[in-house]
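Notes to accompany the following structure.
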Amino acid sequence: MEAGEIVIYTDGSARGNPGPGGYGVVMIYGKHRKELSQGYELTTNNRMELLAVIRGLQALKRDDLSVKIYTDSKYVSDAVNKRWVFNWEAKGFKKKKNPDLWRAFLEVYNRYSVSFVWVKGHASIPENERCDQLAVEASYGERLLVDSGYVDNMEES
């Protein structure tokens with residue numbers, strides 16, 4: 001980790017896909033570590049993978065940091081690293097899933113210098129494993145939220 005760099009590990013989960021789901025985030029800055037998670041009544045794995053990244057970026061308190069995000073989601077890492085999301089944005093996200101989350105992502109992403117690193121899931125990477133645990137536990141939580149973006153998209157279909 002470089003000076004002035006925050007590292008964020010993210011993961012998302014959905015039981016049933018769609019089904020109850022959650023996200024997990026581990027943020028590391030120097031000696032500081034913070035964990036975030038939340039569960040949802042009905043959602044998809046991809047939505048939770050992307051929401052984990054969004055929530056991690058939204059939790060940042062300083063805008064002068066570079067951010068390295070580790071994710072096991074090809075959906076998220078490829079969309080950014082291969083610049084697909086910027087083409088989707090230019091076309092108004094027509095015929096793309098999760099436009100609400102991609103818009104929210106771009107809003108927060110553009111505030112920082114962010115790089116994405118794809119990691120293999122369930123490959124004994126401690127922080128990635130912890131994110132998975134947080135996401136799954138959150139999906140079983142008692143205070144599950146409604147993923148209104150998913151519900152709205154279902155009603156439009």
Please output the side-chain donor-acceptor pairs of residues 13-25 that fall under 3.5 Å, not counting sequence neighbours, one pair per line with the distance.
unit_1 : atom_1 : unit_2 : atom_2 : d
Arg15  : NE     : Ser139 : OG     : 2.9
Arg15  : NH2    : Ser139 : O      : 2.8
Asn17  : OD1    : Asn45  : N      : 2.7

Let me have the donor-acceptor pairs involving side chains of residues 80-88, under 3.5 Å, with sequence neighbours excluded, atom names and distances please.
unit_1 : atom_1 : unit_2 : atom_2 : d
Asn81  : ND2    : Ser77  : O      : 3.4
Asn81  : ND2    : Phe116 : O      : 3.4

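When the side chain to side chain contact (heavy atoms under 4.5 Å, CB included) test is applied to Glu129, the partners found at least two apart in sequence or on another chain are His122. Among residues two or more places apart in sequence or in another chain, the side-chain hydrogen bond (donor to acceptor under 3.5 Å, both in side chains) test is passed with Glu137 by Gln133. Every residue two or more places apart in sequence or in another chain that forms a salt bridge (Lys or Arg N to Asp or Glu O under 4.0 Å) with Arg111 is listed here: Glu107. Remark: Thr43 engages Asp147 in a side-chain hydrogen bond (donor to acceptor under 3.5 Å, both in side chains) (not counting sequence neighbours). In terms of the ring pair (Phe, Tyr, Trp, His ring centres under 6.0 Å) criterion, residue partners of Tyr70 (sequence neighbours excluded) are, by chain and number, Tyr9. Taking the ring pair (Phe, Tyr, Trp, His ring centres under 6.0 Å) definition, one finds that Tyr75 meets it with Trp102, sequence neighbours left out. Every side chain to side chain contact (heavy atoms under 4.5 Å, CB included) that Lys120 has, sequence neighbours left out, goes to Trp118, Ala123. Taking Ser37 as the reference, nothing meets the side-chain hydrogen bond (donor to acceptor under 3.5 Å, both in side chains) condition, with sequence neighbours excluded.
Counting side-chain heavy-atom gaps under 4.5 Å among Ile, Leu, Val, Met, Phe, Trp and Tyr, the cluster of Tyr140 also holds Val136.
For the salt bridge (Lys or Arg N to Asp or Glu O under 4.0 Å) condition, the pairs that include at least one residue of residues 49-62, sequence neighbours left out, are Arg62-Asp64.
Annotation: the span from Lys97 atom NZ to Tyr150 atom OH amounts to 8.5 Å, rounded to 0.5 Å. Rounded to the nearest 0.5 angstrom, Asp132 CG and Ile125 CD1 are separated by 12.0 Å. Rounding to the nearest 0.5 Å places OH of Tyr109 at 13.5 Å from CD1 of Ile54. Note that the OG atom of Ser73 and the CE atom of Met48 stand 12.0 Å from one another [nearest 0.5 Å].
Side-chain contact between Met27 and Leu36: present, with at least one pair of heavy atoms (C-beta onward) separated by less than 4.5 Å. Between Glu5 and Val67 the shortest side-chain heavy-atom distance does not fall below 4.5 Å. In this structure, Leu50 and Asn46 have side chains that are not in contact, with every pair of non-hydrogen atoms separated by 4.5 Å or more. You'll find the side chain of Thr71 stays beyond 4.5 Å of the side chain of Asp11, heavy atoms only. Residues Ile6 and Ile28 have side chains not in contact (no heavy-atom distance under 4.5 Å, counting atoms from C-beta outward). In this structure, the side chains of Asp63 and Tyr112 come closer than 4.5 Å at one or more pairs of heavy atoms. Contact of the Ile69 side chain with the Thr10 side chain is registered, since non-hydrogen atoms from C-beta on lie closer than 4.5 Å. No side-chain heavy atom of Tyr40 sits less than 4.5 Å from a side-chain heavy atom of Leu144.
Comment: Arg33 engages Glu35 in a salt bridge, judged by a side-chain N to carboxylate O separation of less than 4.0 angstrom.
Across all their heavy atoms, Glu127 and Val26 have their closest contact at O-CG2, 4.1 Å. Across all their heavy atoms, Arg47 and Asp100 have their closest contact at NH2-OD2, 2.8 Å.
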